[in-house]
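Heavy-atom basis, side chains included; hydrogens, waters and symmetry copies ignored.
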Amino acid sequence: MSTAATAPTQFVEVGGRRLAYRDFGAGTPLLLCLRFRGTMDSWDPAFLDGLADNGFRVIIFDYSGLGSSTGERTYNPASLARDAADLLGALQIEKAAVGGWSVGGIAAQILLATAPQRVSHLVLIATTPPGQLVKSGEPLFYELAKRDNDFEDVVALFFEPKSAASRLAAEQSEQRIAGRTTDLSPAVPYEWAGPQLGDGPRNPMFPADAVLQALKNTKVPVVHIGGDHDIIFPVENWHALAGELPTLRIVTFPETGHGPQHQYPKESADYIASFVKNAR
C-alpha cells in the first residue's frame, strides 16, 4: 500500500488542463483542497497517513497551473472549487467527504454550495466562513506570504511561536514533510502568489452570501478544525456562528496556529474519521 511519502503523482486530463493528484488508502473517499501557496507536498504525511489508517481513500491534488498541474493559475476560489469537482468527476467518484485547508476550505464551501450532492461531509481546516467577521486576521500574514519563508516564518504562520510545545511540533512536522525527496511538485512562486492577496486583511474575507445561506440550510455535516492562535483566519469567526449553522461542529486546539493538523496530526485524523463515521 502506498503512503503519503510513496504515493506516485498521477495525472488526469480534464477541461483542457492536466490535474496532478495522488491517491492512496482505501475506503471512504476524502478529497483535500490545499492552502495558499501549497502543493501536494505541503501536507504533513503523518496527518495524511493517519487518515488512510482510519479507512479513508485520501486524494490530494495541485490546483490548475500550480505545482505539477497545468492550466491557468489563479486563486479565485470558484476556480479552485471547479478543480475539485472536475477531479472527482474524472475519478468517477459520485460523492465524497471534502476537506479544505485555508483557501482550500473556501473552495470546499463553494463546492458544497454549488454541488451539494457531491459532498457527504465537509471538513474545514483553519479557514474562514463567508460573511462579516467578528475578528480579522493579522497584517503579519500579508508580510510573510509575499517572501520566501524560513523556519521562523513557518512557525509564525502555522504554529504558536510563544509555545515551546508548538515550536517542537513545528520542527517535527517540517522533518516529516522533508522526508519525501522524489516526485515533488514545483513550489508555487511567491513572487506571483503574494500579489494575489492584496495589502492586508479584509472584512469580510469571503463575501459570498449564497454560500453562507447554503451553510445555514444544509443537512451535510460540517466541522471546522482550527487553532486558538490563527493569525490568518481566527477561529472566533466560527464560534460566532454557533447556533446559526445547524450542522456545524467546532474543534479548537490550544497553543496552535494556522496548521492544527500539523501540530496534532494523529488527533486531527482520528477526529475526522470519527466525524465522518458518526455524523449524519
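Between Phe233 and Leu133, the closest side-chain pair of non-hydrogen atoms is not below 4.5 Å. Taking 4.5 Å as the limit, some side-chain heavy atom of Pro129 sits within range of a side-chain heavy atom of Asn237. Side-chain atoms of Leu157 and Phe141, non-hydrogen and from C-beta on, do get closer than 4.5 Å to each other. Here the side chains of Phe11 and Leu19 are not in contact, with every heavy-atom distance at 4.5 Å or above. Under the 4.5 Å side-chain criterion, counting only non-hydrogen atoms from C-beta, Pro260 is in contact with Ile125. Contact check for Arg73 versus Ser64: no side-chain heavy atoms found under the 4.5 Å cut-off. Counting heavy atoms from C-beta on, the side chains of Leu32 and Leu51 come closer than 4.5 Å. Side-chain contact between Pro204 and Pro130 is absent, with no heavy-atom pair separated by less than 4.5 Å.
Glu255 and Ser163 are linked by a side-chain donor-acceptor pair at a separation below 3.5 angstrom, with hydrogens and angles left out of the test. Residues Asp228 and Thr252 have side chains that never bring a donor and an acceptor to within less than 3.5 angstrom of each other.
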**Asked** Could you go step by step and tell me if Leu248 and Trp238 meet the side chain to side chain contact (heavy atoms under 4.5 Å, CB included) rule?
**Response** CA-CA 9 Å; Leu248 175 66; Trp238 289 100; 4.0 Å; yes
**Request:** Quick one: do Ser173 and Gln263 satisfy side-chain hydrogen bond (donor to acceptor under 3.5 Å, both in side chains)? Show the steps, please.
**Result:** CA-CA 7 Å; Ser173 179; Gln263 184 161 335; over 6 Å; no
**Message:** Between Thr256 and His229, does the side-chain hydrogen bond (donor to acceptor under 3.5 Å, both in side chains) criterion hold? Intermediate values first, please.
**Reply:** CA-CA 5 Å; Thr256 306; His229 186 76; over 6 Å; no
**Prompt:** Ile272 and Val223: side chain to side chain contact (heavy atoms under 4.5 Å, CB included), yes or no, with the steps?
**Reply:** CA-CA 8 Å; Ile272 291 168; Val223 64; 5.5 Å; no
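A donor-acceptor contact shorter than 3.5 Å is absent between the side chain of Arg35 and the backbone of Gly100. In this structure a side-chain-to-backbone donor-acceptor pair under 3.5 Å is missing from Glu143 to Pro139. Looking only at distances, no side-chain donor or acceptor of Asp230 sits under 3.5 Å from a matching main-chain atom of Gly227. Judged purely by atom type and a 3.5 angstrom limit, Asn54 has no side-chain atom pairing as donor or acceptor with the backbone of Ala273. The closest donor-acceptor contact from the side chain of Thr70 to the backbone of Arg18 lies under 3.5 Å. In this structure, the side chain of Thr128 does not engage the main chain of Met205 through any donor-acceptor pair within 3.5 Å. Looking at Asp49, its side chain never comes within 3.5 Å of a backbone N or O of Thr3 through a donor-acceptor pair. Checked by atom type and distance alone, the side chain of Thr6 never pairs as donor or acceptor with a backbone atom of Ser2 at under 3.5 Å. Using modelled atom types, one side-chain atom of Thr114 and one backbone atom of Ile110 make a donor-acceptor pair closer than 3.5 Å. The backbone N or O of Asp41 lies less than 3.5 Å from a partner atom in the side chain of Thr39, making a donor-acceptor pair.
Under a cut-off of 6.0 angstrom, the local environment of CD in Glu72 is sparse, with at most 12 non-hydrogen atoms contributed by other residues, nucleotides or ligands. Other residues, nucleotides and ligands place no more than 12 heavy atoms under 6.0 Å from the CD atom of Glu94. Under a cut-off of 6.0 angstrom, the local environment of CG in Asp199 is sparse, with at most 12 non-hydrogen atoms contributed by other residues, nucleotides or ligands.
Minimum interatomic distance between Ala97 and Ser120 (heavy atoms only, all atoms of both residues): N-OG, 3.3 Å. Residues Val134 and Ala240 come closest through the heavy atom pair CG1-CB, 3.7 Å. Here the closest non-hydrogen pair linking Pro8 and Arg22 is O-CG, 3.5 Å. The two residues Arg167 and Glu152 come nearest to each other via the heavy atoms NH2-OE2, 2.5 Å.
A salt bridge links Lys216 to Glu244: at least one charged side-chain nitrogen sits closer than 4.0 Å to a carboxylate oxygen. A salt bridge is absent between Glu171 and Arg176: the closest approach of a Lys/Arg side-chain nitrogen to an acidic carboxylate oxygen does not fall below 4.0 angstrom. With respect to Arg17 and Asp83, a salt bridge is recorded, a charged nitrogen being found less than 4.0 Å from a carboxylate O.
Between Tyr75 and the options Leu197, Leu66, Ile106, a side chain to side chain contact (heavy atoms under 4.5 Å, CB included) holds for only Leu66.
Two rings, from Phe158 and Trp101, have their centers less than 6.0 Å apart. For Phe275 and His121, the ring centers sit closer than 6.0 Å to each other.
Note: Thr247 OG1 to Lys219 NZ = 10.0 Å, rounded to the nearest 0.5 Å.
In this pair, Phe61 and Tyr63 present their aromatic rings perpendicular. The plane angle is above 60°, beyond the 30 to 60° band.
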